[in-house]
Amino acid sequence: DQQVKQNSPSLSVQEGRISILNCDYTNSMFDYFLWYKKYPAEGPTFLISISSIKDKNEDGRFTVFLNKSAKHLSLHIVPSQPGDSAVYFCAAPRGGAGNMLTFGGGTRLMVKP
Amino acid sequence: NAGVTQTPKFQVLKTGQSMTLQCAQDMNHNSMYWYRQDPGMGLRLIYYSASEGTTDKGEVPNGYNVSRLNKREFSLRLESAAPSQTSVYFCASSGPWTGANYGYTFGSGTRLTVV
């Protein structure tokens with residue numbers, strides 16, 4: 001049972017425009033969410049996070065929005081740059097000992113010049 | 001540079017062969033993890049080690065074993081490789097999750113092909 005889902009496997013955006021990546025979750029006990037970015041042949045790297053007590057967190061061009069009633073979060077990238085082309089994963093802590101994260105299936109973003 | 005180091009980066013195995021994927025971290029993290037990445041499936045947890053001396057199964061442990069050799073090292077072993085284990089394997093580590101210090105540091109991955 002995938003508790004974190006990214007329903008769009010890919011997204012193509014023109015440089016300078018907004019990229020919106022979406023993530024849905026089923027477990028209402030999740031209290032923290034993270035986004036990771038992954039380039040080919042590299043490991044994922046942390047991008048931005050949000051606590052469930054907030055509905056928005058911003059870091060430069062990246063903003064994450066959380067809608068708890070809809071169990072939905074989104075990552076906005078404005079303006080999009082070709083270097084943003086990567087696979088983006090959303091993730092949430094599963095709880096319990098060991099700090100385990102459960103990940104969505106990922107969305108491949110392609111930003112065209 | 002501090003981080004998580006995985007070896008090897010690439011490996012081709014024949015069905016039935018065995019191998020061990022190595023992982024080491026130098027950030028003094030207590031917890032370490034092995035994930036596999038498959039197209040459309042995201043990252044799925046194979047095994048984890050919450051602290052030195054402990055290991056536990058994740059979502060997809062069948063066909064794998066692990067060893068937490070010491071605080072730095074966490075290895076993943078395939079005893080009898082199968083084509084279904086063709087994947088990219090990532091090791092990760094994390095410290096205590098407090099305040100803004102959430103999340104993992106990942107290694108660069110091992111691309112394994114089983115033929």
Side-chain angles (χ1 to χ4, degrees), chain A residues 1-10 21-27 30-54 57-59 64 66 86-108, chain B residues 1 3-6 9-10 23 25 27 29-61 66 68 74 88-111:
Chain A
D1 175 31
Q2 239 183 334
Q3 297 189 9
V4 178
K5 294 183 180 180
Q6 295 174 256
N7 292 319
S8 297
S10 64
L21 293 86
N22 294 305
C23 180
D24 297 298
Y25 62 96
T26 58
N27 189 341
F30 288 151
D31 58 2
Y32 207 83
F33 301 89
L34 305 92
W35 285 92
Y36 281 81
K37 178 178 182 179
K38 183 186 176 307
Y39 291 118
E42 295 182 9
T45 56
F46 172 76
L47 181 61
I48 192 170
S49 62
I50 187 166
S51 166
S52 62
I53 63 173
K54 296 185 177 181
N57 187 28
E58 190 171 356
D59 183 1
V64 57
L66 176 61
V87 178
Y88 291 79
F89 294 99
C90 64
R94 297 172 65 184
N99 297 345
M100 291 172 286
L101 290 175
T102 188
F103 288 84
T107 297
R108 181 178 300 277
Chain B
N1 291 336
V4 178
T5 303
Q6 290 183 237
K9 292 190 182 302
F10 300 95
C23 175
Q25 53 94 6
M27 295 169 288
H29 284 165
N30 285 327
S31 301
M32 298 185 72
Y33 315 84
W34 278 103
Y35 281 83
R36 60 179 287 174
Q37 183 197 3
D38 301 292
M41 303 295 290
L43 294 158
R44 293 183 293 168
L45 182 65
I46 305 171
Y47 269 93
Y48 68 99
S49 171
S51 60
E52 185 179 358
T54 69
T55 61
D56 284 285
K57 295 178 180 179
E59 303 167 69
V60 288
V66 290
R68 183 74 183 266
F74 188 39
V88 182
Y89 291 85
F90 289 100
C91 178
S93 70
S94 76
W97 281 359
T98 56
N101 186 30
Y102 266 70
Y104 297 163
T105 300
F106 281 91
S108 59
T110 296
R111 183 173 293 276

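The sequence lines fix the lettering, A, B, ..., with proteins before strands; numbering per chain opens at 1. Because the structure is a prediction, the values reported are computed rather than measured.
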Which pair of non-hydrogen atoms, one from [X] and one from [Y], has the smallest distance, and what is that distance?
X: A/Gly43; Y: B/Phe90; value: CA-CE2, 3.5 Å
X: B/Tyr48; Y: A/Met100; value: CE2-SD, 3.1 Å
X: A/Phe103; Y: B/Phe106; value: CZ-CZ, 3.7 Å

Query raised in the report: Is it the backbone or the side chain of A/Ala91 that comes under 4.5 Å from a heavy atom of chain B, or both, or neither?
Result: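 Neither; nothing under 4.5 Å.
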Report task. Name the region of A/Pro9, side chain, backbone, both or neither, that has any atom closer than 4.5 Å to a heavy atom of chain B. Result -> neither
Requested in this report: Mark yes or no for whether A/Tyr36, through its side chain, and B/Tyr104, through its backbone, hold a donor-acceptor pair below 3.5 Å.
Outcome: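 The answer is yes, because a donor-acceptor pair under 3.5 Å joins these two groups.
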**Report entry** Structural part of B/Gln37 lying under 4.5 Å from a heavy atom of chain A
**Finding:**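 Just its side chain gets close to chain A.
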Query raised in the report: Does any heavy atom of chain A fall under 4.5 Å from the side chain of B/Leu43, the backbone, both, or neither of them?
Result: both
Report task. Check the surroundings of atom CZ in B/Arg44: do more than 12 heavy atoms from other residues, nucleotides or ligands lie under 6.0 Å from it? Result -> yes
Query raised in the report: Is there side-chain contact between A/Leu101 and B/Tyr35, with heavy atoms separated by less than 4.5 Å?
Result: yes
